[in-house]
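Note that ligands are numbered from 1 as they come in the structure, with each ligand's atoms numbered from 1 the same way.
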Amino acid sequence: MSASVIAVRSFDDQKPGTSGLRKKVKVFQQANYLENFVQSVFDSIGDFSGQTLVLGGDGRFYNRHAIQVILKMAAANGFSRALVGQGGILSTPAASHVIRKYKAYGGLILSASHNPAGPDEDFGIKYNIGNGGPAPEGVTEAIFARTKSINEYRTLEANDISLDGIGATQLGEMRVEIIDPVADYADLMQSLFDFDAIRALLAGGFSMKFDAMHAVTGPYATRILEGDLGASAGTVMNGIPKEDFGGGHPDPNLTYAHDLVEIMYADDAPDFGAASDGDGDRNMVLGNGFFVTPSDSLAILAANAECAPGYQGGIAGIARSMPTSAAADRVAEAMGLDCFETPTGWKFFGNLMDAGKVTLCGEESFGTGSNHVREKDGLWAVLFWLNILAVRKASVEAIVSEHWQKFGRNYYSRHDYEGVDSAAAEQVLQTVRDQFASLPGQILAGRIVSACDDFSYCDPIDGSVSSKQGVRVLFEDGSRIIFRLSGTGTSGATIRLYLESFEDDSARQHMDAQDALADMIVAANDISKLRELSGRDRPTVIT
Ligand code: G1P
Ligand code: ZN
């Protein structure tokens, strides 16, 4: 086996977004496209000679090919060991755990999360650092800078290795270990949650469904829920990962997880339903005929953390992304905890967790997690809910209603306008910016505007500043209207409109969120000219 240096021309479009580099498979299939990006990562992350790299992905189309390419490059670049999930599979949270557990230098995770998969769909790659979390902006910026000047990559002339059997093989100077993708993760979950209590709940007539959406959590959920916890066979639906995710869009929300939603709103609905996304970091939680918003879910997990053994010592603090509702802030205040507001994207939570400032984190985009790893974690959230249900012996709806009664309800909704012309999308945000001086003091939707700004975040640990993280219109009563452009899309622009209003009167806490927010929705369109500028008369997805 000999190492070669291959001369290449650089690409100018390899800028990592909210969560790594995501492009159409066809883009990745261009000669050297993947290789250039991987070499740029290796050139930007410091000295890893003699160290371990973790490698795995969500099993989508191109996953296996990319793993073979990366292994040969990792060997030629000086890693001494690679840990690879069997079949090339590692959910994003499991990869984060494996990096931490085996003290790897870092990991490459192959995923485009919930984006559809297949030869004409999306692929993605992101680098996670030694703490198990996504590379911080300084690192992704260095990688991007390197992609623009790269002119060669290193690889090993070698045969592909088998990814299907557990065990070790040698690739040049590097040892490749194919590991069970589920085992370490399952042990971690067992250390955090009261499996005996959950087992008793499931044995006592409590019924549930978990929709793996033909994506990576299938094997994790089947082993943990049906295996370790004794849920009945068939509890996990769509549990075999497919390269095209069964042609679906594995985003666990009310629109895309419709199979599960139908089951949970039927007359004979189970007590509990949950789904996760393509790479296993997102979750959706439902009760019988009842949807829990991700923002509420974070607040409820925090308020009930004592139910789970892994959190019984108390939690250090809570962090949420800026567009996530302030429901968690109210819990933090009541518990005397710090609550941090960060820009969108899990990478901003890493420093806070490493510094011991927060235990629980969440995003409105169906992401919840804790310091057990440095990614959000879908199945973790599901197990946390099961643990709470097992201890509290109440329905999902009862737990949520009681929570609202105690803390107030933050009515919340996100409206996405997908595939909008990029210039028009920019103009929507600019239209609001142009009114920053005149809006404060005005009455919109019956509420007084208190301030407007472009959200900017100064990381309290490393002092780095991230600006222009969303346009905010804030109201005196705590209500908010926020506009942001997605950083994960692969075609056109997606405008995200986030709406929130607070209700502390328990008699008015049981409305449909769209009805409760109706006047805010009208006001948001008025001030931004969203519909006129985007040429759309309604959102593509409402969550
Ligand atoms: C979206 C979500 C964000 C999440 C990210 C990765 O990013 O909004 O909360 O962290 O996916 O899962 P966006 O497309 O909004 O940039
Ligand atoms: Zn994901």
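- The shortest separation from a heavy atom of S321 to ligand 1 is not under 4.0 Å, leaving the residue out of contact.
- Taking a cut-off of under 4.0 Å to the non-hydrogen atoms of T344, the atoms of ligand 1 that pass are 3 (C), 8 (O), 9 (O).
- Protein heavy atom at the shortest distance from atom 14 (O) of ligand 1 is T488 OG1, 2.4 Å.
- Nearest to atom 2 (C) of ligand 1 among the protein's heavy atoms is S365 OG, 3.5 Å.
- Between F193 and F384, the two ring planes are tilted [angle within 30° to 60°].
- Counting heavy atoms of neighbouring residues, nucleotides and ligands inside a 6.0 Å radius, atom NZ of K26 exceeds 12 of them.
- The nearest N/O/S atom of D281 to the Zn ion (ligand 2) is OD1.
- Note on ring orientation: taking the six-membered ring where Trp is involved, the planes of F349 and W346 are perpendicular (angle over 60°, cut-offs 30° and 60°).
- At least one N/O/S atom of S113, whether from backbone or side chain, sits less than 2.8 Å from the Zn ion (ligand 2).
- The number of heavy atoms from other shown groups lying within 6.0 Å of NZ (K209) is above 12.
- Taking the Zn ion (ligand 2) as the corner point, the angle from D279 atom OD1 to D277 atom OD2 is about 90° (rounded to 10 degrees).
- Residues F123 and F61 keep their aromatic ring centres 6.0 Å or farther apart.
- When R496, H114, R282 are ranked by how near their heavy atoms come to atom 11 (O) of ligand 1, first place goes to R282.
- Closest heavy-atom approach to atom 6 (C) of ligand 1 among the candidates K376, E363, E418: K376.
- With respect to K101 and D184, a salt bridge is recorded, a charged nitrogen being found less than 4.0 Å from a carboxylate O.
- Heavy atoms from both the backbone and the side chain of S486 come within less than 4.0 Å of ligand 1.
- The ring of Y256 has its center closer than 6.0 angstrom to the ring center of H249.
- In this structure, R414 is part of the shell of residues with a heavy atom less than 4.0 angstrom from ligand 1.
- The closest side-chain donor-acceptor pair between Y185 and D377 falls under 3.5 angstrom.
- Between F290 and W404, the two ring planes are tilted [angle within 30° to 60°].
- In terms of polar-atom proximity, defined here as any N/O pair under 3.5 Å, R484 does make such a contact with ligand 1.
- Contact atoms of ligand 1 toward G487: 13 (P), 14 (O), 16 (O) (distance under 4.0 Å to a heavy atom of the residue).
- Near G345, with a cut-off below 4.0 Å to any heavy atom, the atoms of ligand 1 are 10 (O).
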